[in-house]
Amino acid sequence: MNGKIKGINSNILPAVSRLGILFIIIIMGCIIDPSFLSLRNIGNNLANASILIILGVGETVAIITNGPDLSAGSIMTMGGVVTAILMKNYDVHFVLAILAGLLVGCLLGALNGYMIAYVKIPAFISTYGLQWAVFGFAYIILEGYVLYSFDETFRFIGNGWIFKYISMTTVCMLVIVVAGTLLLKKTTFGRKCYSVGSNATQAAMSGIDSRRVVMKAFIFSGFMSAAAGVLYVARMNSVQSDIGSAYLLNVLAAVYMGGTSASGGEGGIPGTIIGALAMTMVSNCMNLLAVPSELRDAVIDILIILTVLLDTIVRKRMMSRKVG
Amino acid sequence: MQEIKNKKLVDMRHITKIFPGVKALDDVSFDLESGEVHVLMGENGAGKSTLMKVLAGAYTPDGGELFINDEKITQFDPVSMKNKGVGIIYQEFNLVPYLNVAENIFIDHMPKKGLLLNKKEMHRKASELLKDMKMKVDTHVLAGEIPVAQQQMVEVAKALTNDIKILIMDEPTAALSGVEIDQLFEIIRSLKKRGIGIIYISHRMQEIPVIGDRITIMRDGQYIATENVKNISNDQIVRLMVGRKLGDLYQRSEHTVGKPALKVEHLTSKRAGLQDVSMKVRSGEIVGLAGLVGAGRTELMRAVFHIDPYDSGKVIVKGEEIRQKATVRNMIDKGVSLIPEDRKQQGLSLILSVSQNIVMASLKKISTGGWLQKKKEREIVEKYIKELNISTPSPEQKANNLSGGNQQKVVLAKWLCTEADIIIFDEPTRGIDVGAKKEVYSFMDNLAKEGKAIVMISSEMPEIIGMSDRIYVMRDRKIVKELRGNDVTQEMILSYALEGARMEGENDKN
Amino acid sequence: MTKIKKLIHKIPLITWFIIVLIVVFSFRSDQYLTYRNLLVLLQQGSVLLVVASAATFVIISGGLDLSLGSILTVSGITSAMAVTAGIPIPIVFLVGGITGFLCGAVNGFFISYCGLPPFITTLGSQGIFYGIALLLTNNEGIVIYDESFLILGANIGGMIPMAFVCCFILYIIMIIVQDYTRFGRYIYAIGGNAEGARLSGLRTRFWKFFIYAFAGMMTGLAAVILTSRLEVADPLVGDRWEFEAIACAILGGTSMNIGKGDVKGTILGAALLTIIRSGMNVVRIPSLWQSAILGTVLILAIVFQVRLSLKEGRG
């Protein structure tokens with residue numbers, strides 16, 4: 001065992017097994033519905049996955065650096081709601097409205113960052129708490145109504161198709177994925193995220209101010225969540241105060257399935273993309289199989305627990321392996 | 001007395017324990033008779049604690065046999081070992097901070113009345129026990145709120161509540177002062193009279209003839225010798241522990257000492273307990289910082305490196321006074337490095353790659369405007385892997401998968417990478433094997449030759465004597481003596497590190 | 001001396017808040033300080049008190065349970081089904097308690113024996129339990145008609161709410177468990193120094209598992225009382241309870257990750273939360289706003305409390 005895989009980069013194995021999971025889901029989809037792999041369905045799945053992937057980019061950075069951003073769904077809602085209400089009720093130009101939505105996302109992210117890095121409340125408590133307040137305010141802003149039918153140009157961002165099979169959402173997603181990957185892998189900030197997330201004491205001894213890194217990571221996560229919300233509104237052409245609530249579990253499942261470690265310091269955006277695609281196809285399969293809506297969350301939850309369980313076991317094995 | 005002494009309580013035969021990458025115990029045999037104190041000695045990392053953890057059921061051995069009272073042990077866990085009469089007082093504290101003293105003493109068998117705890121009974125028994133030990137502690141106080149020395153005694157009391165036949169004490173006097181040590185020895189003598197066998201691990205030479213009957217010496221995970229305490233001198237013990245002449249390991253080449261690179265003046269920190277500490281290190285010089293565990297050496301260096309704040313005093317680097325509010329980043333930029341003691345917690349990110357770890361403290365050097373220059377990174381990393389002879393299949397290997405010695409070299413590489421002129425080593429060779437130690441020493445020597453100023457905190461006396469140009473001895477968070485020259489001995493250092501502590505203990509009493 | 005000092009240190013802040021709020025609310029409405037209103041407060045707060053105490057146990061032990069709200073829901077539904085099937089009240093309690101225990105045991109199994117992070121496990125199991133609840137009810141509430149069961153929701157002699165009495169008994173039991181049983185002390189041992197406790201011979205894995213199961217059981221018992229008070233078992237009734245319970249625990253002085261806390265403090269947290277909630281009606285905050293305001297107030301309160309305890313820790 002020791003000798004055989006000695007030379008192989010230890011990061012590759014989990015990635016391969018994850019692609020395997022994706023493959024199994026695709027095969028299952030094909031069995032359920034032969035048109036599963038048609039260009040149209042793939043394009044649709046990609047477009048559906050895009051919002052999840054964008055959320056996932058932010059969530060991945062948060063989890064690598066410190067801990068889960070459980071307010072992602074609510075910030076997504078708020079970003080969408082702010083953009084929508086400014087366009088609809090205050091006739092703000094859509095570009096400004098989008099900027100405002102993104103700004104709100106950053107501010108809420110900064111609030112998370114403050115609570116986690118400076119007050120030292122664990123991320124899973126502070127962000128979990130914040131989401132209730134944010135959902136509440138989204139509800140207040142909309143006064144319980146649904147807003148719909150927005151400006152055509154705005155809708156193009158989410159709804160337009162280029163080359164027939166590629167949606168604009170997918171294009172936006174690709175831009176964000178590239179930006180996020182560059183940030184994590186090619187900048188000193190990304191390096192610091194991994195450093196703080198893997199061992200904060202070590203990071204402090206290396207002269208890294210972990211509070212600032214955590215703060216920035218959660219601002220980034222808030223920004224991405226808001227961006228996902230804006231795209232959602234553009235794509236669906238409507239918004240209500242609970243659009244993000246269904247996304248939280250999905251995005252967590254995507255990130256964990258993508259191999260980002262729950263304890264931080266490990267993982268990356270490529271894995272999250274695989275995870276998000278897998279989750280989207282799982283939803284697709286559940287649609288095809290007509291799984292009752294009340295059971296869908298439970299299915300995703302079981303998937304989350306199973307992936308993390310598998311991950312824990314694999315990681316334990318990997319950690320006890322020694323070379324050199 | 002004589003007849004109970006002959007009964008063999010513990011017989012460990014050919015015990016082997018392998019951790020990933022390290023053979024912590026290699027064919028070690030050890031025995032203990034009733035009514036004796038069997039001292040176990042060896043350098044840090046010699047395997048004493050591991051051997052005792054096997055006996056206490058914290059580790060399962062990979063080979064060999066263990067007999068307790070002539071009964072072969074097959075089940076290794078803390079509970080069944082305790083049922084066999086094994087009590088252990090670990091080096092690190094195992095008290096629960098928010099439970100009171102009595103509850104901690106009876107942690108695993110609190111007296112019950114029906115379903116509920118019998119608190120009265122528990123406190124009564126606990127106070128009796130503590131009174132027998134001549135301890136004055138309120139059993140209702142939370143364990144986290146009593147002084148460290150008392151916590152140590154509570155640990156002892158905790159072990160005594162069980163019907164023990166074998167008591168393992170892992171450096172029990174490390175946190176105690178003179179009077180308390182005498183109390184502890186008194187307790188040990190009364191236990192001996194009851195026929196209890198005691199395994200006593202200590203680094204304090206002067207304690208051995210006072211309390212020990214037999215002594216076993218270990219080195220590098222192997223059994224070396226067992227002797228009657230009366231028949232062995234301190235010199236012999238040291239020689240057996242080290243296993244080689246000091247000169248073999250510690251080589252210092254010709255070097256020139258230059259201007260002061262780091263000066264500390266009147267540093268005082270309430271939080272770390274540091275009182276008016278002054279010291280200086282010149283370029284090209286290795287300065288040893290000796291003292292017992294808890295003397296404040298690490299705390300001093302952490303304050304100097306601006307990890308922890310200090311209240312007053314000056315830190316002067318290369319003639320420039322550092323702001324009191326400066327950060328670790330500032331210190332690194334000024335050319336200071338601190339290579340921490342606990343490499344797994346403070347030195348490395350185990351789940352990150354060797355390459356990422358090496359450049360972690362010098363990200364500025366491998367980036368322009370926040371963007372990493374992978375090519376530069378690779379060059380630097382490869383240079384240090386080669387220079388330090390780090391054995392890794394690839395720079396992308398996770399640090400966790402390397403052996404202890406190679407991990408330590410990665411930590412060294414990380415701090416050399418910052419190209420510091422002043423390098424502080426905190427216990428640089430703890431837990432690594434002799435081969436790697438030798439490499440570390442020759443590396444330090446080279447650095448000094450290049451004109452770097454080096455501070456070395458170490459609890460290993462031979463190391464500190466062998467490597468240092470000058471030695472500061474710390475005790476009770478103060479520097480009490482500066483020693484220099486070739487005729488510094490372990491005894492001299494120990495007398496300064498210890499003696500005062502003893503005197504102060506007496507003073508407290510008056 | 002130190003004990004008294006500590007008490008003085010500990011009590012004021014949150015109690016002052018409570019007193020100030022009560023004064024403010026009673027100025028705004030002369031209905032506030034009436035016996036009737038007090039009854040309503042007791043009824044509303046008592047179930048929360050039990051669930052919050054369960055959360056307190058988990059937090060002291062260094063864990064987290066985000067599934068308590070869903071356990072409350074599932075147990076409420078199984079007990080309502082038991083009532084509908086004509087099962088006598090004591091057995092209904094048994095059904096609720098066992099349901100909660102089993103749910104908690106699932107959490108405990110994954111957290112203690114498989115080593116999964118508590119927040120993922122309980123966030124995941126939350127959805128699973130809600131799924132079960134929806135399956136059991138076909139997405140509709142189970143309305144209860146059995147008069148004998150509804151007694152639990154009534155007032156004894158029109159004076160003292162039965163729900164409060166039952167919950168208070170559960171609360172006292174939890175105080176006794178915490179202070180006077182080995183299990184209770186082990187919670188602190190696991191939270192404060194789990195490895196040390198293991199080396200001292202405690203079966204820490206089992207007890208860690210048992211903490212979650214026990215918290216589930218108490219929540220399940222509370223669910224029976226809640227169901228009888230609401231006269232319906234709704235598949236969404238437990239929404240957000242887990243966060244409110246955690247908030248009560250933290251406001252009551254329980255700290256995360258250091259094995260410090262006390263269910264006796266949690267009652268203050270529960271009282272504060274209940275008063276804020278009732279007060280929002282008094283000062284006529286529209287129901288549209290209430291959830292956002294309560295969420296904000298709780299977050300601010302937690303930030304305040306944690307900052308405070310950090311300061312104390314330093315001094």
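Small disclaimer: the values here were computed from a predicted structure and weren't measured.
In this structure, no portion of C/Q290 lies under 4.5 Å from any heavy atom of chain A. Heavy atoms closer than 4.5 Å to chain C are found nowhere in A/L111, neither backbone nor side chain. Of the two parts of A/I302, the backbone and the side chain both hold a non-hydrogen atom closer than 4.5 Å to a non-hydrogen atom of chain C. The parts of C/L123 that come within reach of chain A are both its backbone and its side chain, each placing non-hydrogen atoms under 4.5 angstrom from that chain.
Of the listed residues C/L66, C/T121, C/L298, the one with more heavy-atom pairs under 4.5 angstrom with chain A than any other is C/L66. In terms of non-hydrogen atom pairs under 4.5 Å with chain C, the most contact-rich of A/L130, A/T312, A/L309 is A/L309. Between chain C and the residues A/Y256, A/Y128, A/Y139, the most heavy-atom pairs under 4.5 angstrom are made by A/Y128. In terms of heavy-atom pairs under 4.5 angstrom with chain C, the leader among A/Y114, A/Y118, A/F135 is A/Y114. In terms of non-hydrogen atom pairs under 4.5 Å with chain C, the most contact-rich of A/A253, A/G136, A/S263, A/S126 is A/G136. Chosen from C/I132, C/I302, C/L64, the residue pairing most often with chain A at heavy-atom distances under 4.5 Å is C/L64. Of the listed residues (C/G131, C/G295, C/G127), the greatest number of heavy-atom pairs within a distance under 4.5 Å of chain A belongs to C/G127. Chain C forms more heavy-atom pairs under 4.5 Å with one residue of A/A262, A/G144, A/P68 than with any other, namely A/P68.
Heavy atoms only, all atoms of each residue included: C/R307 and A/V119 are closest at CG-CG1, 3.5 Å. C/I299 and A/G129 get closest at one heavy-atom pair: CD1-C, 3.5 Å.
Around atom CZ of C/F206, more than 12 heavy atoms belonging to other residues, nucleotides or ligands sit under 6.0 Å away.
If you take CG on A/D301 and OH on C/Y130, they are separated by 11.5 Å, rounding to the nearest 0.5 Å. Rounding to the nearest 0.5 Å places CD1 of C/I128 at 11.0 Å from CD1 of A/I300. If you take CD1 on A/I304 and CG on C/L116, they are separated by 11.5 Å, rounding to the nearest 0.5 Å. The CD1 atom of C/I250 lies 4.5 Å from the CD1 atom of A/I125; values are rounded to the nearest 0.5 Å. For the atom pair A/Q131 CD and C/R240 CZ, the distance stands at 8.0 Å (nearest 0.5 Å). Note that CG of A/D297 is 11.5 Å distant from OG of C/S70, once rounded to the nearest 0.5 Å.
Note: C/W289 and A/F137 have perpendicular aromatic rings, judged against thresholds of 30 and 60 degrees for the angle between ring planes.
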side-chain contact (heavy atoms from CB on, under 4.5 Å), that's the test. Do C/V303 and A/I121 meet it? Break it down for me. CA-CA 7 Å; C/V303 168; A/I121 304 172; 3.8 Å; yes
